[in-house]
Participant: 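Below is the structure I would like to discuss, written out as structure tokens.
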Number of protein chains: 2
Amino acid sequence: MFSLAEENYLKAIYHLESKHKGAVSTNAIAEVMDTKPSSVTDMVQKLADKKVLSYVKYKGTSLTDEGRKTAANVIRKHRLWEVFLVDKLKFHWDEVHDIAEQLEHVHSEELIARLDKFLGFPDFDPHGDPIPDKNGNVKPTEKKLLSELNKKQHGVCVGVKESNSDFLQYLDKKNITIGTKISVLGKEFFDGSMVIQVGRDQFFISKKIAENLYIQTN
Amino acid sequence: MFSLAEENYLKAIYHLESKHKGAVSTNAIAEVMDTKPSSVTDMVQKLADKKVLSYVKYKGTSLTDEGRKTAANVIRKHRLWEVFLVDKLKFHWDEVHDIAEQLEHVHSEELIARLDKFLGFPDFDPHGDPIPDKNGNVKPTEKKLLSELNKKQHGVCVGVKESNSDFLQYLDKKNITIGTKISVLGKEFFDGSMVIQVGRDQFFISKKIAENLYIQTN
DNA sequence: TCTTAAATTTAGACAAGGCTAAAAATAAAA
DNA sequence: TTTTATTTTTAGCCTTGTCTAAATTTAAGA
């Protein structure tokens, strides 16, 4: 069993590894954890003792298989709770992070299994990020930006890239939410604008909007 | 904002106050918290500094209005989460305590307000205990044991007294759950057994069972 | 009332996590 | 290849919450 602090470190290192490949530096961890490098060194040494990461002085750290699995499980919980908050409690996509940050540390396998079922075994969280399975595996995702689609292609909205209140309200107005099917009817190459179909409605969207919506093509 | 440990102490003292009236002793707190009296002394002094309880050396402690409100709020969260776990995730009544014990410490007013609404503003948790409102007020409860009812009386099942697996399975078989209406058709005084009506079914129950079911009469 | 027992508090210590300041190692620049 | 700058680690200290052992207060019994 890992403490709240340990879980947060593992999660942070997991995310850093997926961005810049290679060993993760102490300073990088300190930055995302909003803490001091000296504190990171202490914790990283402790986690190395626990075999969830390998650590070479002055060289950085990388997760072991067990560490990666543990981290993925915390992320799984975080994202499932986010789905709950948005789908069931009707929070907006951009309001749920801090609450999920707390909920992700509740320990109960059974709870997460039942929550997963209750939510209909979702594959993506409200930001379009994939939800790892119980073993920590992440389905290779087909997620792309709407702006990457071409005429006649279609997919399902799985999230937003950067969410702000105005944008979310726009989506509400247009009846676009997680799971909404979107088809590209036309695309202008000189400005990247599109005409799309959502439900029975067809309308124009700017490149800026198309670049902010994640679509799963399948 | 109170720490996890502080919230647990407040909750424990709240429960102790409601049982034995008068100041709560250090040893009593240590017992229910499964900790040492010396640790209790430390914490109680800290909480007194924070004005959530009044403390007189060697004499015991009692919650201030603010402390009582804070405690009631933690209990409110605990019980709402229990309703969620049973009603939505289909846990059994006796499996939810430990999980709710963790969930109750998630900090977000908005979360609890929405959860409350999602659950349909329940008045009782799955054990039949009343759920305090946002201000910490507990409706004077009409809860009694089924065994206290007499012929021709009726009420709604709001919980169980002592739950064990066998008993919960029995209730399942008889289709008795939270919210089930139960009417007393007959009662034998020499052994306390009853004939009751549940839905369209009428059947016999022993005194032992009647003494283990909480009923809200109204 | 005097003495013993029980309850409570104080003193000192420890583990988890974090911080600051100083030392050491690595990387970059001249 | 030195010198300088950056990164990382070490050492020592702090807070929270807990514990043990010893001291103190209150309660109970003779």
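The model shown is predicted, which means the values in this text are computed figures rather than measured ones. Lettering follows sequence order; numbering is per chain, from 1. All values below come from the heavy atoms of this structure, side chains included, with hydrogens, waters and symmetry mates left out.
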Participant: Is the distance between the ring centroids of B:F2 and B:Y9 less than 6.0 Å?
Facilitator: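 No, they do not, as the ring centres are separated by 6.0 Å or more.
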Participant: Quick one: which residue pairs count as a salt bridge (Lys or Arg N to Asp or Glu O under 4.0 Å) with a foot in residues 25-37 of chain A, not counting sequence neighbours?
Facilitator: none
Participant: Ignoring backbone atoms, test whether A:Q45 places a side-chain nitrogen or oxygen under 4.0 Å from the OP1 or OP2 oxygen of D:dT10.
Facilitator: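 So the side-chain polar atoms of A:Q45 do come within 4.0 Å of the phosphate oxygens OP1 or OP2 of D:dT10, strictly under.
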Participant: Going by number, which of residues 8-33 of chain A have a non-hydrogen atom under 4.0 Å from DNA chain C?
Facilitator: A:Y9
Participant: Residues two or more places apart in sequence or in another chain: which of them pass ring-ring contact (aromatic ring centres under 6.0 Å, His included) with A:H105?
Facilitator: none
Participant: Got a sec, which residues hit side-chain hydrogen bond (donor to acceptor under 3.5 Å, both in side chains) with B:K134, two or more places apart in sequence or on another chain?
Facilitator: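 Testing B:K134 for side-chain hydrogen bond (donor to acceptor under 3.5 Å, both in side chains), a comparison that skips the adjacent residues, returns none.
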Participant: Output one line per pair: protein atom, nucleotide atom from nucleotides 19-24 of chain D, and distance, for all N/O pairs under 3.5 Å.
Facilitator:
| residue | atom | partner | partner atom | Å |
| --- | --- | --- | --- | --- |
| D:dC19 | OP2 | B:T35 | OG1 | 2.6 |
| D:dC19 | OP2 | B:K36 | N | 3.1 |
| D:dC19 | OP2 | B:S39 | OG | 2.7 |
| D:dT20 | O4 | B:S38 | OG | 3.0 |

Participant: Please list residues of residues 66-75 of chain A whose heavy atoms come under 4.0 Å from any atom in DNA chain C, ordered by number; otherwise none.
Facilitator: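 Correct list: empty, so none.
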Participant: Considering residues at least two apart in sequence or located in another chain, which fulfil the side-chain hydrogen bond (donor to acceptor under 3.5 Å, both in side chains) criterion with B:H97?
Facilitator: B:E101
Participant: Whole-Å distance between C:dA16 C1' and B:L4 CG?
Facilitator: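 Checked: the CG to C1' distance equals 15 Å.
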Participant: Can you tell me how far P of D:dT10 sits from CE of A:M43, to the nearest Å?
Facilitator: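 Distance check: A:M43 CE to D:dT10 P gives 16 Å.
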Participant: Identify every side-chain donor-acceptor pair in residues 37-44 of chain B under 3.5 Å, counting partners at least two apart or on other chains, and give the distances.
Facilitator:
| residue | atom | partner | partner atom | Å |
| --- | --- | --- | --- | --- |
| B:T41 | OG1 | B:P37 | O | 3.2 |

Participant: Roughly how many Å is it from NZ in A:K59 to P in C:dA24, rounded to a whole number?
Facilitator: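 Whole-Å distance recorded here is 18 Å.
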Participant: Could you say whether A:P37 or A:K57 is positioned toward the 5' end of DNA chain C, judged by the nucleotide with the nearest heavy atom to each?
Facilitator: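 Nearest-nucleotide comparison on DNA chain C picks A:P37.
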Participant: side-chain hydrogen bond (donor to acceptor under 3.5 Å, both in side chains) with B:K139: which residues, sequence neighbours excluded?
Facilitator: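 B:K139 satisfies side-chain hydrogen bond (donor to acceptor under 3.5 Å, both in side chains) with B:D123 only.
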Participant: Restricting to pairs with a member in residues 73-92 of chain A, which pass salt bridge (Lys or Arg N to Asp or Glu O under 4.0 Å), not counting sequence neighbours?
Facilitator: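 As it turns out, the salt bridge (Lys or Arg N to Asp or Glu O under 4.0 Å) pairs with a partner in residues 73-92 of chain A, which skip direct neighbours, are A:R76-A:D116, A:R79-A:D125.
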Participant: May I have all residue pairs that pass salt bridge (Lys or Arg N to Asp or Glu O under 4.0 Å) and include part of residues 102-111 of chain A, sequence neighbours excluded?
Facilitator: A:K11-A:E104, A:E110-A:R114
Participant: Pairs in or reaching into residues 12-27 of chain A: which pass side-chain hydrogen bond (donor to acceptor under 3.5 Å, both in side chains), with residues at least two apart or in two chains?
Facilitator: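 Listed by first then second residue: A:E17-A:R68.
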